[in-house]
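I have placed the structure first, in the form of structure tokens, so that the comments after it can refer back to it.
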Amino acid sequence: MSAAKPPSSQSLPSFTSISTKQGLILILSTLTLLTFTYVSFSSLGSGLQYNYSYSPPTTTVTSVSTLKEDVDAEDAASRNPDGFSDVYHSPEVFKLNYAEMEKRFKVYIYPDGDPKTFYQTPRKLTGKYASEGYFFQNIRESRFRTEDPDQAHLFFIPISCHKMRGKGTSYENMTIIVQNYVEGLISKYPYWNRTLGADHFFVTCHDVGVRATEGLPLLVKNSIRAVCSPSYDVGFIPHKDIALPQVLQPFALPRGGGHDIENRTTLGFWAGHRNSRIRVILARTWENDTELDISNNRIDRSTGPLVYQKRFYKTKFCICPGGSQVNSARIADSIHYGCIPVILSNYYDLPFNDILDWGKFSLILKEKDVYDLKKILKDISNQQFVTLHNNLVKIQKHFQWNTPPIPYDAFHMVMYDLWLRHSVIKY
């Protein structure tokens with residue numbers, strides 16, 4: 001690893017020196033992020049901008065704002081032969097920005113830290129916190145990495161809270177380790193002080209990452225956080241931070257495709273631990289229902305192999321209530337197996353929410369809607385379900401980690417989110 005270079009004395013090129021194409025890309029990416037910022041801040045006063053709200057008995061489910069039933073999936077595919085369909089907020093902007101990101105984006109990874117402790121890729125890329133490990137490995141092997149900090153658009157702080165947890169580090173020691181490490185980078189290198197850390201980012205999927213970084217407020221407030229638990233009540237800042245998808249890999253069974261709709265005879269499914277208020281209510285309200293498959297405990301594996309995963313193939317809507325945090329690996333499981341995710345978490349800034357139109361392939365409900373869950377799901381027409389399912393298949397690739405990474409997978413989507421945020425950092 002080459003030594004860090006001192007900051008360049010040359011000023012950044014003025015806007016007028018940027019080519020017309022690059023200027024257009026910058027404007028488009030900035031407008032994209034600013035639009036998402038407006039939506040996110042608007043949601044702070046009233047929770048997320050839910051795609052669906054149910055108020056019995058006078059209100060019924062409509063497809064105007066959520067499902068957009070008037071857009072036929074096959075017609076959309078024919079109008080967008082390159083795959084950039086209306087599941088994205090702005091398909092053409094996404095296409096242009098993504099291409100520019102692949103050509104230009106550079107990230108510098110700080111070389112400091114003992115590689116035998118917390119500054120390396122976890123040995124096993126498995127489990128519900130695998131997203132953290134995959135990102136660490138992918139960024140080190142990707143074209144985006146540069147060993148010249150003067151070429152970097154962003155700086156990656158490679159400290160793994162998941163690795164700390166795996167080694168049995170206490171919360172108190174985690175906080176001290178993070179604080180000492182980051183303060184060491186700030187004193188040794190000049191790059192943090194140029195923007196007070198606004199062009200720095202760190203990644204943590206484990207929920208202990210919130211506690212491990214709380215001893216350094218300037219890191220949390222200034223730098224970009226890519227986290228699996230993007231809840232506003234733990235300081236998540238939507239216009240700055242990124243919701244990292246929590247993906248439980250490897251998947252036990254293949255993807256659910258676009259031709260298995262007729263096999264989905266169960267209306268809704270959830271099984272898991274009752275480790276949150278909403279899960280307790282969900283289980284108590286619906287566990288004895290004959291049309292909803294709701295279990296208040298995990299499925300006993302002794303009844304057969306992969307019983308839990310196979311339920312996803314047979315179900316139309318998979319209920320995804322928040323657990324100890326708002327996030328759940330069940331969302332990515334549902335997407336992978338072709339089961340429409342029903343998001344049942346307040347204040348959840350969904351992964352890639354500034355890129356993907358979640359209303360096109362999922363249902364987003366407030367937690368209070370749990371009492372009317374069955375009616376909500378039964379009021380979804382078959383055509384609406386087919387449209388949702390077809391759209392879900394289109395975005396499955398975005399919730400898959402690969403090594404090495406492939407275009408448009410989870411790694412590249414996270415990098416794209418970082419690219420958007422870099423576009424509005426000025427120094």
*Apply the test side-chain contact (heavy atoms from CB on, under 4.5 Å) to residues Arg330 and Cys318: give CA-CA distance (whole Å), side-chain angles for both, the deciding distance (0.1 Å), then the verdict.*
CA-CA 8 Å; Arg330 189 173 282 99; Cys318 288; 5.5 Å; no

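- A donor-acceptor pair is defined here as one N or O able to donate and one able to accept, closer than 3.5 Å; such a pair exists between the side chain of Lys106 and the backbone of Arg143.
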*Would you check, one step at a time, whether the test side-chain contact (heavy atoms from CB on, under 4.5 Å) holds for Ile395 with Ile335?*
CA-CA 8 Å; Ile395 56 92; Ile335 292 172; 3.7 Å; yes

*Start with the C-alpha distance between Phe94 and Tyr416, add both sets of side-chain angles, then the distance that settles ring-ring contact (aromatic ring centres under 6.0 Å, His included), and finish with yes or no.*
CA-CA 9 Å; Phe94 174 57; Tyr416 179 79; 4.9 Å; yes

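- Classification of the His153-Trp419 ring pair by plane angle, with boundaries at 30° and 60°, yields perpendicular.
- By the 4.5 Å heavy-atom criterion applied to side chains, Val182 and Phe202 are not counted as neighbours.
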*Can Leu253 and Tyr313 be said to form a side-chain contact (heavy atoms from CB on, under 4.5 Å), step by step?*
CA-CA 10 Å; Leu253 296 169; Tyr313 287 134; 3.2 Å; yes

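- No donor-acceptor pair closer than 3.5 Å links the side chain of Asp112 to the backbone N or O of Tyr181.
- Classified by interplanar angle (parallel below 30°, tilted 30° to 60°, perpendicular above 60°), the ring pair Trp358/Phe361 is tilted.
- Put simply, the residue from Asp354, Asp199, Asp241 that forms a salt bridge (Lys or Arg N to Asp or Glu O under 4.0 Å) with Arg421 is Asp354.
- Ser295 places no side-chain N or O within donor-acceptor distance of the main-chain N or O of Ala271, the cut-off being under 3.5 Å.
- Below 30°, between 30° and 60°, or above 60°: for Tyr98 and His412 the angle between ring planes is between 30° and 60°, a tilted geometry.
- Between the side chain of Asn391 and the backbone N or O of Lys360, at least one donor-acceptor pair lies under 3.5 Å.
- A donor atom on one side chain and an acceptor atom on the other are not found under 3.5 Å apart for His336 and Asp333.
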*Does the pair Tyr88 and His398 meet the rule for a ring-ring contact (aromatic ring centres under 6.0 Å, His included), with working shown?*
CA-CA 12 Å; Tyr88 307 99; His398 299 321; 5.8 Å; yes

*Worked verdict on Arg225 versus Val220 for side-chain contact (heavy atoms from CB on, under 4.5 Å)*: CA-CA 7 Å; Arg225 296 190 295 167; Val220 174; 3.6 Å; yes

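- Lys314 NZ: 12 or fewer foreign heavy atoms inside a 6.0 Å radius.
- By the 30° and 60° cut-offs, the orientation of the rings of Phe144 relative to Phe411 is tilted.
- With hydrogens and angles ignored, the 3.5 Å screen pairs no side-chain donor or acceptor of Gln246 with any backbone N or O of Cys228.
- Checked by atom type and distance alone, the side chain of Asn222 pairs as donor or acceptor with a backbone atom of Leu196 at under 3.5 Å.
- We find the CZ-OG1 distance between Phe317 and Thr315 to be 11.0 Å, quoted to the nearest 0.5 Å.
- Checking side-chain atoms of Arg274 against main-chain N and O of Ile281 turns up no donor-acceptor pair under 3.5 Å.
- Proximity of Phe135 to Met415: side-chain heavy atoms (C-beta onward) are separated by under 4.5 Å at one or more points.
- Using bins of under 30°, 30° to 60° and over 60° for the plane-to-plane angle, the ring pair Tyr108/Tyr110 lands in the perpendicular bin.
- Remark: side-chain polar atoms of Ser131 are paired, donor with acceptor, to backbone N or O of Pro245 under 3.5 angstrom.
- Not one N or O on the side chain of Lys316 forms a donor-acceptor pair closer than 3.5 Å with the backbone of Ile340.
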